[in-house]
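Only one structure is covered here, and it is reproduced in the block below.
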Amino acid sequence: MVTIRLTNSKTRRKEEFRPIDPSDVRMYVCGPTVYDRAHLGNARPVVVFDTLYRLLRHVYGPDHVTYVRNFTDVDDKINAEALRRQKAGASGTLEELIHQRTEETIAWYDADMDALGALRPNHEPRATEFIGQMIAMTEGLIASGHAYAVEGHVLFRVRSYKDYGNLSGRSVDDMIAGARVEVAPFKEDPMDFVLWKPSSGEEPGWESPWGKGRPGWHIECSAMAHELLGESFDIHGGGLDLQFPHHENEIAQSACAHPHGDFAHYWLHNEMLQVEGKKMSKSLGNFFTVRDLLDQGIPGEVIRFVFLMTHYRSPMDWTAEKARQAQATLRKFYLLASEALDNVGPYIGVTNALADDLNTAQAVYELHQLANAGDTPNLRASLRLLGFMDNGVPEWARSPVVDLTGQTERLIELRNAAMASKDFSAVDALKSALIAAGVEVRMSKAGVELVPGPDFDPAKLEALQ
RNA sequence: GGCGGGUUGGCGGAGAGGUUACGCAGCGGAUUGCAAAUCCGUGAAGACCGGUUCGAUUCCGGUACCCGCCUCCA
């Protein structure tokens with residue numbers, strides 16, 4: 001069996017992956033807060049962990065991996081959007097408008113991630129479906145002295161968990177020294193974070209022992225991971241920006257609530273996506289969504305391939321040039337793979353590259369080797385392992401089916417005449433018109449061949465008739 | 001201020017203490033009426049300064065610059 005090695009943020013080392021139960025490998029990844037379209041940065045972890053999911057399915061069997069990715073549908077930004085709609089005259093209660101907004105966003109998200117070739121996780125839980133578990137977990141933490149209720153809030157007592165800060169490599173004292181956060185007066189300690197907070201009049205809320213309120217962000221993931229994967233599971237993933245405080249807090253809550261479990265064994269963090277060397281953000285104006293790119297005609301597979309070109313633990317710059325290059329490369333691979341026999345498994349070089357801490361850049365190198373060697377069956381199977389061709393070769397990568405025999409005959413005729421007369425102007429005129437229509441013109445001693453290219457435009461060809 | 005990551009040829013981007021990464025672009029050639037496509041070949045690198053070593057781009061230390069987290073951002 002292939003040995004998978006992963007860089008574990010918990011130990012800061014590349015370690016051999018040993019699942020708790022090879023017949024049920026369990027992975028949790030932090031999903032989006034569903035207040036708007038997913039931006040391109042949101043897509044990176046989706047592709048990274050989809051690749052890992054596919055590798056795990058390949059190694060342990062498709063039925064022996066459980067992948068959970070949540071939707072955070074309790075959030076101020078969601079409430080704000082629902083409120084805006086209500087004020088703009090939308091009908092329905094605020095709760096209904098919130099639900100409408102989150103379901104709409106979830107549908108967008110699923111559609112956009114489908115376009116990237118990401119498999120749906122086995123579970124996509126919504127936070128609002130697990131409020132009961134969150135309340136129960138919070139009660140347990142209070143009972144065991146790890147949390148306290150005050151003024152409608154419940155706060156986690158950070159000093160009660162001695163390992164707090166281990167994941168992110170920070171000490172509580174250092175953090176307080178550098179803190180720039182305003183500290184709520186009711187906190188016992190500035191580092192304490194909220195497990196439950198009260199909801200004011202128009203905000204959505206649930207009844208709880210501490211009054212009407214809603215869960216804190218961190219407890220959501222802890223509760224859902226516990227409910228769906230148990231006290232101990234294998235892999236917890238997410239973007240590097242979530243390492244602190246989100247993941248640190250998740251560990252603290254879960255470790256204290258379930259002292260017999262050890263939560264996630266391997267923590268994986270993907271580096272950030274950048275645009276022009278800077279993190280994507282609305283304030284910098286370098287913000288765009290996956291849908292924006294798809295609408296511009298950049299296929300989802302191309303976006304996926306661009307992500308795969310860079311190792312997941314390196315920052316990655318999105319550029320138009322990369323997309324162009326990725327599309328050309330993918331087209332070449334697809335062309336070779338489309339005619340290949342489907343009778344082998346993925347190339348061991350590709351599997352090994354992925355098994356080595358998800359070295360997708362190395363895997364791409366291996367694909368080039370296969371293409372150069374003409375090993376199309378392995379190329380095909382390897383592309384599939386990497387999440388391409390789930391639905392065959394996409395339309396954009398296929399040569400359009402058009403009958404060009406008329407044009408071909410005409411060109412041959414003109415060329416033969418020109419060969420005799422040495423006047424090539426008529427041939428060249430037809431040739432440039434064909435090229436302008438996106439047709440590749442291949443002339444040799446043997447004859448003339450016309451192949452519709454990527455930019456083939458039937459309308460321009462029509463004009464030639 | 002605290003913590004973490006990075007700096008590889010024109011661009012993208014890996015591995016490895018000594019052996020061509022690779023892709024794109026470029027250049028040369030074959031081919032072509034000219035092109036395109038294809039094929040063959042090819043130059044070019046590892047921020048800076050020290051150290052360890054027979055040998056470092058790869059290990060160690062320092063400097064510079066870049067990026068991120070410390071704000072319910074993937």
Side-chain angles (χ1 to χ4, degrees), chain A residues 9 12 29-33 35 38-49 69 72 74-77 165 168-171 173-182 191 193-194 197 214-221 237-246 248-249 269-274 277-283 287 306 308-311 313-317 319 321-322 324-326 328-329 332 353 356 359-369 371-372 415 418-425 427-428 431-432 434-435 439-446 449-451 453:
Chain A
S9 303
R12 283 149 229 279
V29 174
C30 291
T33 301
Y35 63 97
H39 65 248
L40 192 63
N42 292 302
R44 192 170 185 197
V46 172
V47 172
V48 166
F49 292 105
R69 186 182 61 211
T72 296
V74 183
D75 181 83
D76 287 339
K77 287 189 277 269
S168 52
R170 298 153 202 253
S171 80
D173 295 317
D174 284 349
M175 284 185 276
I176 289 171
R180 297 185 301 188
V181 196
E182 214 169 300
M191 287 311 296
F193 59 88
V194 70
K197 58 181 165 184
R214 57 208 164 107
W217 179 38
H218 315 300
I219 196 79
E220 295 177 8
C221 284
L240 190 59
D241 55 343
L242 295 182
Q243 190 177 42
F244 187 88
H246 183 55
E248 199 72 71
N249 292 355
H269 291 100
N270 63 276
E271 253 289 0
M272 298 292 101
L273 177 99
Q274 307 186 343
K278 291 260 193 291
K279 184 173 156 172
M280 179 181 266
S281 74
K282 281 185 174 166
S283 56
F287 178 94
V306 169
L308 263 35
M309 280 161 59
T310 305
H311 187 92
R313 284 189 296 104
S314 296
M316 195 209 92
D317 232 333
T319 63
E321 169 58 19
K322 269 191 197 173
R324 187 203 62 76
Q325 227 186 80
T329 304
K332 176 179 141 185
D356 180 17
N359 193 341
T360 52
Q362 180 72 27
V364 170
Y365 159 81
E366 301 289 351
L367 294 180
H368 281 292
Q369 297 302 299
N372 292 340
R415 184 161 173 256
M419 292 293 225
S421 70
K422 299 293 173 203
D423 175 8
F424 291 94
S425 55
V427 189
D428 287 341
K431 194 175 78 179
S432 18
L434 286 167
I435 290 168
V439 178
E440 209 174 85
V441 180
R442 299 177 187 173
M443 283 194 262
S444 68
K445 275 206 176 93
E449 199 185 348
L450 297 183
V451 183

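Worth knowing before you read on, the calculation uses all heavy atoms, side chains too, and leaves out hydrogens, waters and symmetry mates. Each chain gets a letter, A, B and so on, in the order its sequence line appears, and its residues count up from 1.
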I need the [atom1]-[atom2] distance between [X] and [N], as an integer number of Å.
| X | N | atom1 | atom2 | value |
| --- | --- | --- | --- | --- |
| A:Met443 | B:U32 | CE | P | 13 Å |
| A:His218 | B:U71 | NE2 | C1' | 11 Å |
| A:Lys445 | B:U31 | NZ | C1' | 8 Å |
| A:Phe244 | B:C3 | CZ | P | 14 Å |
| A:Phe424 | B:U32 | CZ | P | 13 Å |
| A:Asp241 | B:C70 | CG | P | 8 Å |
| A:Met419 | B:C34 | CE | C1' | 11 Å |
| A:Glu440 | B:A37 | CD | P | 7 Å |

Item checked: Any donor-acceptor N/O pair under 3.5 Å between B:C67 base and A:Lys278 side chain -> no
Note to self: I'd like to know if A:Lys431 reaches the base of B:C34 with its side chain such that a donor and an acceptor end up less than 3.5 angstrom apart.
What the structure shows: yes
Using only atom types and a distance under 3.5 Å, with no angle test, would you say the side chain of [X] pairs donor to acceptor with the backbone of [Y]?
| X | Y | value |
| --- | --- | --- |
| A:Asp356 | A:Asn359 | no |
| A:Glu366 | A:Ala353 | no |
| A:Lys279 | A:Gly41 | no |
| A:Arg44 | A:Met272 | yes |
| A:Thr360 | A:Leu308 | yes |

Determine the interatomic distance between [atom1] on [N] and the same-named atom on [M]; round to the nearest Å.
| N | M | atom1 | result |
| --- | --- | --- | --- |
| B:G4 | B:A47 | P | 22 Å |
| B:G1 | B:G13 | P | 30 Å |
| B:U57 | B:G46 | P | 8 Å |
| B:C22 | B:G41 | P | 11 Å |
| B:A74 | B:C59 | P | 34 Å |
| B:G12 | B:G29 | C1' | 27 Å |
| B:G10 | B:A44 | P | 11 Å |
| B:G6 | B:G62 | P | 15 Å |

Check: Quick one: does NZ or CZ of A:Arg170 land under 6.0 Å from the six-membered ring centre of A:Phe244, within 45 degrees of the ring axis?
Finding: yes
Using a cut-off of 4.0 Å on non-hydrogen atoms, how would the nucleic acid contact of [X] be classed: base, sugar-phosphate, or nothing?
| X | answer |
| --- | --- |
| A:Leu273 | base |
| A:Arg442 | base |
| A:Gly41 | base |
| A:Val29 | nothing |
| A:Leu240 | nothing |
| A:Arg324 | sugar-phosphate |

Next item on the list: Using a 4.0 Å cut-off on protein heavy atoms (strictly under), produce a 5'-to-3' string for nucleotides 11-23 of chain B with B for base contact, S for backbone-only sugar-phosphate contact, and - for none.
Entry: -SSSS-----BSB
Item checked: Aromatic plane relationship, A:Trp217 with A:His246 - under 30° parallel, 30 to 60° tilted, over 60° perpendicular ->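 The rings of A:His246 and A:Trp217 lie parallel, inter-plane angle below 30°.
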Of the listed nucleotides ([options]), which one gets closest to any side-chain atom of [X]?
| X | options | answer |
| --- | --- | --- |
| A:Glu271 | B:G5, B:C70, B:C67 | B:G5 |
| A:Asn42 | B:A74, B:C70, B:U32 | B:A74 |
| A:Pro45 | B:C70, B:A74, B:U32 | B:A74 |

Check: Could you spell out the base pairing of RNA chain B in dot-bracket, with Watson-Crick or G-U pairs whose two distances are under 3.5 Å, [ ] crossing and | to another strand?
Finding: (((((((..(((.....[...))).(((((.......)))))....(((((..]....))))))))))))....
Next item on the list: Could you check A:His39 against A:Gln243 and say which one's nearest nucleotide on RNA chain B is further toward the 5' end?
Entry: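 It is A:Gln243 whose nearest nucleotide is closer to the 5' end.
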Note to self: With syn defined as a glycosidic angle within 90° of 0 and anti as the rest, where does B:G12 land?
What the structure shows: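 That one's anti.
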Notebook entry, point to check: Can you tell which of A:Asp76, A:Asp75, A:Val194 makes a side-chain contact (heavy atoms from CB on, under 4.5 Å) with A:Arg214?
Noted result: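 That would be A:Asp76; it is the only one of A:Asp76, A:Asp75, A:Val194 passing the side-chain contact (heavy atoms from CB on, under 4.5 Å) with A:Arg214.
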Margin query: Rounded to the nearest 0.5 Å, what separates atom OG in A:Ser168 from atom CG in A:Leu240?
Written below: 10.5 Å
Next item on the list: Go through the structure and list residues passing side chain to side chain donor-acceptor pair (under 3.5 Å) with A:Gln369, not counting sequence neighbours.
Entry: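 A:Gln369 satisfies side chain to side chain donor-acceptor pair (under 3.5 Å) with no other residue.
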Margin query: To check you understand the geometry: which heavy-atom pair defines the closest contact between A:Ser9 and A:Gln243, and what is its length?
Written below: CB-NE2, 3.7 Å
Notebook entry, point to check: Would A:Ser425 and A:Asp423 count as having a side-chain donor-acceptor pair, cut-off 3.5 Å?
Noted result: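 A:Ser425 vs A:Asp423: donor-acceptor pair found between side chains.
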Check: Between B:G2 and A:Arg170, is there an OP1 or OP2 to side-chain N/O distance shorter than 4.0 Å?
Finding: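 Answer no for this pair, as no side-chain N or O of A:Arg170 is under 4.0 Å from OP1 or OP2.
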